[in-house]
Chemist: 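Could you have a look at this structure, given as structure tokens, before my questions?
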Number of protein chains: 2
Amino acid sequence: MLKLSKLTDYATVILSHMAKDYLGMYASQEVSERTGIAQPTVSKILKILVKAKILTSVRGAKGGYLLASAPENITVAMVINALEGPIALTECSLSHKNCDHVRDCDIQGNWGVINQKILTMLESVTLADMLEPIKPANEIRISASSFFR
Amino acid sequence: MLKLSKLTDYATVILSHMAKDYLGMYASQEVSERTGIAQPTVSKILKILVKAKILTSVRGAKGGYLLASAPENITVAMVINALEGPIALTECSLSHKNCDHVRDCDIQGNWGVINQKILTMLESVTLADMLEPIKPANEIRISASSFFR
DNA sequence: ATTAAATAGTACTAAACTAGTCCACAATAA
DNA sequence: TTATTGTGGACTAGTTTAGTACTATTTAAT
Ligand code: FES
Ligand code: FES
């Protein structure tokens, strides 16, 4: 169903929460309470986000997590990348090695283009954007006829 | 890893093959030989594509499958939809029911916007486009600053 | 009529992935 | 020293996916 994992979804919820006061420090405990996501799961996600350098952590009592940069500089693509690895719609967008038993394939490159467009789109959305209330007029700038040109 | 299933990938390969002579009829046997995808798997995919009305089938000896419409009218979104169901990055893009234990969530709507953009993009790419050799200059028309405005 | 070639539908299995939990360990504040 | 908090890794149960198999149905050719 072309979907993100639940953990990625949670991660955006968690980060949005933290972005509201983006200089503050948040203990996993507290994040769990505020978001309603179970504590062990929150903890797991926060650890992953630290490893991806999206968050920084402070250990010990009164410790917690903070955003490693301003919400404007954290993109949705970064978050997806942290939790799910590189964004690649098809195996071949990432490496052609895995597709060896598919002969007669004329389309790998085009998948790559689609993939790149989605990536660019996701890179253009930041945590700050996610917090904004939705504006109804969202004009799409891609016209069908110009897609591959 | 935000990826399409292998079957979807195969489906595009199969359809691209069939689109080369898009009035011709193809037996699953033959498609299997040409693409190198195992026959039972090809067969499974073709059945699904018929149910989605992307292909039509002719039963009996000398039967086979044909494109139900011209390659220009078959979009990548249709194919993904046939094999994986509705395109929805997060549960909430599809229905908010499943997310009830996430309190304090300000972002569902924005996911919906992102989702819609990806959908529009995938709807703008047709089978005919997939067959074209790639053009190097692919200007992306979405600017970061205007994403949510 | 009979046979062969082809799709339709469904069910099944094995493998891979995901979500969610848990625990022993390390760091720090009080 | 003790309580609090993050770190790292392991583990289990559940779900999803890929791939296969089998039976029934349809049609062309003979
Ligand atoms: S090389 Fe993988 S689908 Fe073509
Ligand atoms: S309602 Fe599902 S992530 Fe917000």
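Quick caveat, the model's predicted, so the values are computed rather than measured. Below, chain A is the first sequence line, B the second, and so on; all start at residue 1.
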Chemist: Could you list by number each residue of residues 43-50 of chain A showing a heavy-atom separation from DNA chain C of less than 4.0 Å, or answer none if no residue does?
Modeler: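 The stretch gives A/K44 as the residues lying under 4.0 Å from the strand, ordered by number.
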Chemist: Figure out the CG/P separation between A/L7 and C/dG20, and round it to whole Å.
Modeler: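 In whole Å, C/dG20 P lies 7 Å from A/L7 CG.
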Chemist: Quick one: A/D9 CG to C/dT18 P, roughly how many Å, whole number?
Modeler: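 Computing the A/D9:CG to C/dT18:P distance gives 15 Å.
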Chemist: To the nearest Å, give me how far apart CD (B/Q29) and P (C/dA5) are.
Modeler: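 Distance check: B/Q29 CD to C/dA5 P gives 10 Å.
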Chemist: My understanding is that only residues two or more places apart in sequence, or in another chain, count here; which of them pass side chain to side chain contact (heavy atoms under 4.5 Å, CB included) with B/A61?
Modeler: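 For B/A61 there are no side chain to side chain contact (heavy atoms under 4.5 Å, CB included) partners, ignoring immediate neighbours.
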Chemist: Using a cut-off of strictly less than 4.0 Å between a heavy atom of the residue and any atom of DNA chain C, enumerate the qualifying residues of residues 51-61 of chain A by number.
Modeler: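 Only A/R59, A/G60, A/A61 qualify.
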Chemist: When clusters are formed from ILVMFWY side-chain contacts under 4.5 Å, directly or step by step, what else is grouped with B/L66?
Modeler: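 Joined to B/L66, directly or through intermediates: B/M25, B/V58.
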Chemist: Check side chain to side chain contact (heavy atoms under 4.5 Å, CB included) between A/A77 and all other residues, then give those that pass, not counting sequence neighbours.
Modeler: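 With sequence neighbours excluded, A/A77 shows a side chain to side chain contact (heavy atoms under 4.5 Å, CB included) to A/T75, A/I87, A/L119, A/L122, A/E123, given in chain and number order.
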Chemist: Please tell me if A/S28 has a side-chain N or O lying less than 4.0 Å from either OP1 or OP2 of D/dG6.
Modeler: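 Indeed, a polar side-chain atom of A/S28 lies that close.
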Chemist: Per the end-axis method with five pairs at each terminus, what is the bend angle of the helix from C/dA1-D/dT30 to C/dA30-D/dT1, to 10°?
Modeler: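 The angle separating the two end axes equals 10°.
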Chemist: May I have the distance from A/Y65 (atom OH) to D/dT4 (atom P), rounded to whole angstrom?
Modeler: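 Distance check: A/Y65 OH to D/dT4 P gives 17 Å.
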Chemist: Which nucleotide, D/dA18, D/dT7, D/dG19, lies nearest any side-chain atom of B/Y10?
Modeler: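 From the listed options, D/dG19 comes nearest.
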Chemist: Counting only N and O atoms by type, is there a donor-acceptor contact under 3.5 Å from the side chain of B/N115 to the main-chain atoms of B/L89?
Modeler: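 Here the side-chain-to-backbone pair exists.
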Chemist: Could you state the CE-P distance from B/M25 to D/dT27, rounded to the nearest angstrom?
Modeler: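 Between P of D/dT27 and CE of B/M25: 12 Å.
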Chemist: Which residue pairs pass the side-chain hydrogen bond (donor to acceptor under 3.5 Å, both in side chains) test when at least one of the two sits in residues 38-57 of chain B, sequence neighbours left out?
Modeler: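 Applying side-chain hydrogen bond (donor to acceptor under 3.5 Å, both in side chains) to every pair that reaches into residues 38-57 of chain B, excluding sequence neighbours, yields B/S28-B/Q39.
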Chemist: Quick one: A/E84 CD to C/dT18 P, roughly how many Å, whole number?
Modeler: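 Checked: the CD to P distance equals 7 Å.
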Chemist: Applying side chain to side chain donor-acceptor pair (under 3.5 Å), can you list everything that pairs with B/S16, at least two apart in sequence or on another chain?
Modeler: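 Partners of B/S16 by the side chain to side chain donor-acceptor pair (under 3.5 Å) criterion come out as none, since no residue qualifies.
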Chemist: Side chain of B/N110, backbone of B/I107: donor and acceptor closer than 3.5 Å?
Modeler: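 Side chain of B/N110 to backbone of B/I107, a donor-acceptor pair under 3.5 Å: no, none is there.
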Chemist: May I ask you to list the residues sharing a hydrophobic cluster with A/L131, side-chain cutoff 4.5 Å, ordered by chain and number?
Modeler: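 None; A/L131 is a cluster of one.
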Chemist: Once you round it to whole Å, what is the distance between C1' of C/dA16 and NZ of B/K6?
Modeler: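 It is 10 Å, rounded to the nearest whole Å.
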Chemist: Restricting to side chain to side chain contact (heavy atoms under 4.5 Å, CB included), what partner residues turn up for A/T8, sequence neighbours left out?
Modeler: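 Listed in chain order: A/L4, A/S5, A/I80, A/L83, A/E84.
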Chemist: Rounded to the nearest angstrom, tell me the gap between atom CD in A/E30 and atom C1' in D/dT4.
Modeler: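 From A/E30 CD to D/dT4 C1': 14 Å.
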Chemist: Are OP1 or OP2 of C/dT21 and a side-chain N or O of A/T41 less than 4.0 angstrom apart?
Modeler: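 True: A/T41 side-chain N/O within range (under 4.0 Å) of C/dT21 OP1/OP2.
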Chemist: Give every residue pair that meets the ring-ring contact (aromatic ring centres under 6.0 Å, His included) criterion with at least one member in residues 37-71 of chain B, sequence neighbours excluded.
Modeler: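 The answer is none; no pair qualifies.
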Chemist: Got a sec, which residues hit side chain to side chain contact (heavy atoms under 4.5 Å, CB included) with B/Y26, two or more places apart in sequence or on another chain?
Modeler: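 With sequence neighbours excluded, B/Y26 shows a side chain to side chain contact (heavy atoms under 4.5 Å, CB included) to B/H17, B/M18, B/D21, B/E30, B/V31, given in chain and number order.
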